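Below is one structure; the comments refer to it alone.
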Number of protein chains: 2
Amino acid sequence: MIEDYKKFDKSIPCPVRTLMDRIGDKWVVLVISTLGEKGTMRFNQLHEMIGDISQKMLTVTLKKLQEDGLVSRKMYQEIPPRVEYTLTAMGESLLPHITGLEQWAVANMSGIQQSRQQYLSAK
Amino acid sequence: MIEDYKKFDKSIPCPVRTLMDRIGDKWVVLVISTLGEKGTMRFNQLHEMIGDISQKMLTVTLKKLQEDGLVSRKMYQEIPPRVEYTLTAMGESLLPHITGLEQWAVANMSGIQQSRQQYLSAK
DNA sequence: TATGTTAGTTACCTTTGGTAAGTCAAAAGT
DNA sequence: ACTTTTGACTTACCAAAGGTAACTAACATA
């Protein structure tokens with residue numbers, strides 16, 4: 001039963017709130033799904049693939065994902081530096097849920113846009 | 001192929017970014033999954049069920065969900081007012097993806113917490 | 001007359017997100 | 001010898017989103 005976890009109780013950390021605190025970070029889903037698609041990637045590859053993320057936001061996003069054990073980081077002692085990011089097993093296990101969301105998003109994009117236009121024009 | 005949608009292109013709205021702009025809102029997942037569980041609910045019922053959401057954040061969350069066509073709002077002309085919220089068909093179709101995420105969250109909560117502790121103590 | 005009920009709104013402050021420029025250390029170009 | 005490039009970041013600074021507490025409308029009840 002998931003219901004029990006939904007009501008807020010300050011004595012117990014809620015898994016849904018904990019996950020959504022992370023998933024809700026603006027770039028987390030794009031980083032995870034991009035890594036999931038391409039496997040291991042370097043910092044700048046991710047930066048270019050996603051396109052509109054800043055370097056700052058990419059570093060903070062990757063740090064949080066490492067902290068949560070969803071992404072692993074491998075640094076090579078070279079100059080210029082080389083750093084590779086990969087999904088951990090836990091990250092991989094989250095991936096299908098994220099791609100599920102993405103597929104829903106693609107399928108329902110036009111429905112959402114229609115609804116937004118109607119809502120605005122009804123004002 | 002979802003890949004094409006992941007790279008940012010300002011001329012086409014990206015479904016993943018569009019959805020995550022909404023899903024990423026701190027309370028959206030909790031509101032949708034609570035409505036999905038209980039069916040129709042009134043404003044204060046949602047407020048009490050979730051527990052730690054403010055009235056302001058509940059109203060802005062519900063407004064955005066209406067705008068996107070995920071939640072419908074029915075107001076009765078009574079005093080004190082009565083307003084009922086329900087998932088639309090589109091909202092219902094999103095629900096399984098959200099409960100999938102929640103189940104993952106419940107199953108992996110301890111793994112995430114362990115990882116966070118290790119990360120912090122390694123500093 | 002004061003109090004409660006429901007679904008909000010408003011004013012205000014804090015936290016998060018975003019932009020642009022700077023850093024580091026070495027190799028490669030001129 | 002001096003400047004530029006490279007990759008993976010920081011830092012300083014500004015804008016947007018989120019949070020809190022108090023206030024509102026309109027009537028019913030004590």
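Only a predicted model underlies this, so the values are computations on that prediction, with no experimental measurement involved. Letters go in sequence order (proteins before strands), and every chain restarts at 1.
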> Is there a side-chain polar atom (N or O) of A:Tyr85 under 4.0 Å from OP1 or OP2 of D:dC9?
Replying inline: yes
>> Run B:Arg82 and B:Met75 through side chain to side chain contact (heavy atoms under 4.5 Å, CB included) and show every step you take.
In response: CA-CA 6 Å; B:Arg82 179 154 62 105; B:Met75 188 179 32; over 6 Å; no
> How close or far is atom C1' of C:dT16 from atom CZ of A:Arg22, stated in whole angstroms?
Replying inline: 12 Å
>> Rounding to an integer number of Å, can you tell me how far B:Phe8 CZ sits from C:dG18 C1'?
In response: 13 Å
>> I need the B:Leu65 CG to B:Met90 CE distance, nearest 0.5 Å.
In response: 10.0 Å
>> Whole angstroms only, please: what is the CZ-P distance between B:Phe43 and C:dT9?
In response: 8 Å
> Is A:Trp27 near enough to C:dG17 that one of its side-chain N or O atoms lies under 4.0 angstrom from OP1 or OP2?
Replying inline: no
> Which residue, B:Ile23, B:Asp25, B:Ile98, B:Leu30, forms the side chain to side chain contact (heavy atoms under 4.5 Å, CB included) with A:Met20?
Replying inline: B:Ile23
>> Using OP1 and OP2 only, check whether a side-chain N or O of B:Lys26 sits under 4.0 Å from C:dT16.
In response: no
>> Consider side chain to side chain contact (heavy atoms under 4.5 Å, CB included). Of B:Glu48, B:Lys26, B:His47, which one does B:Ile53 pass it with?
In response: B:His47
> When the distance from NZ of A:Lys64 to P of C:dT15 is rounded to whole Å, what number comes out?
Replying inline: 14 Å
> Please walk me through it: do A:Thr88 and A:Ser72 pass side chain to side chain donor-acceptor pair (under 3.5 Å)?
Replying inline: CA-CA 6 Å; A:Thr88 62; A:Ser72 66; over 6 Å; no
> So which of residues 65-83 of chain A are in contact with DNA chain C, with a heavy-atom cut-off of under 4.0 Å?
Replying inline: A:Ile79
> To the nearest 10 degrees, how far apart in direction are the end axes of the helix from C:dT1-D:dA30 to C:dT30-D:dA1, each fit to five base pairs?
Replying inline: 30°
>> So, applying side chain to side chain contact (heavy atoms under 4.5 Å, CB included) with B:Tyr85, which one of B:Met41, B:Lys74, B:Gln66 is it?
In response: B:Gln66
>> Whether B:Arg42 contacts C:dA7 is assessed here as follows: a side-chain N or O lying under 4.0 Å from the phosphate OP1 or OP2. Is that the case?
In response: yes
>> Please report the distance, rounded to the nearest Å, between CE in A:Met57 and P in D:dA8.
In response: 19 Å
> Under a 4.5 Å side-chain heavy-atom rule over Ile, Leu, Val, Met, Phe, Trp and Tyr, are B:Tyr76 and B:Ile79 clustered together?
Replying inline: no
>> Rounded to the nearest 0.5 Å, what separates atom OG in B:Ser121 from atom CZ in B:Arg116?
In response: 14.0 Å
>> Looking at A:Lys63, I'd like to know whether one of its side-chain N or O atoms comes within less than 4.0 Å of OP1 or OP2 on D:dT10.
In response: yes
> How long is the line joining CG of B:Leu58 and C1' of C:dT6, in whole Å?
Replying inline: 12 Å
> Counting only distance, no hydrogens or angles, is the base of D:dG19 paired donor-acceptor with the side chain of B:Lys56 under 3.5 Å?
Replying inline: yes
> Any link between B:Val28 and A:Met109 through a network of hydrophobic side chains (Ile, Leu, Val, Met, Phe, Trp, Tyr) touching at under 4.5 Å?
Replying inline: no
> Over how many whole Å does the gap from A:Glu84 atom CD to D:dA8 atom P extend?
Replying inline: 9 Å
> Roughly, in whole Å, what's the span from CD in B:Gln45 to C1' in C:dG8?
Replying inline: 16 Å
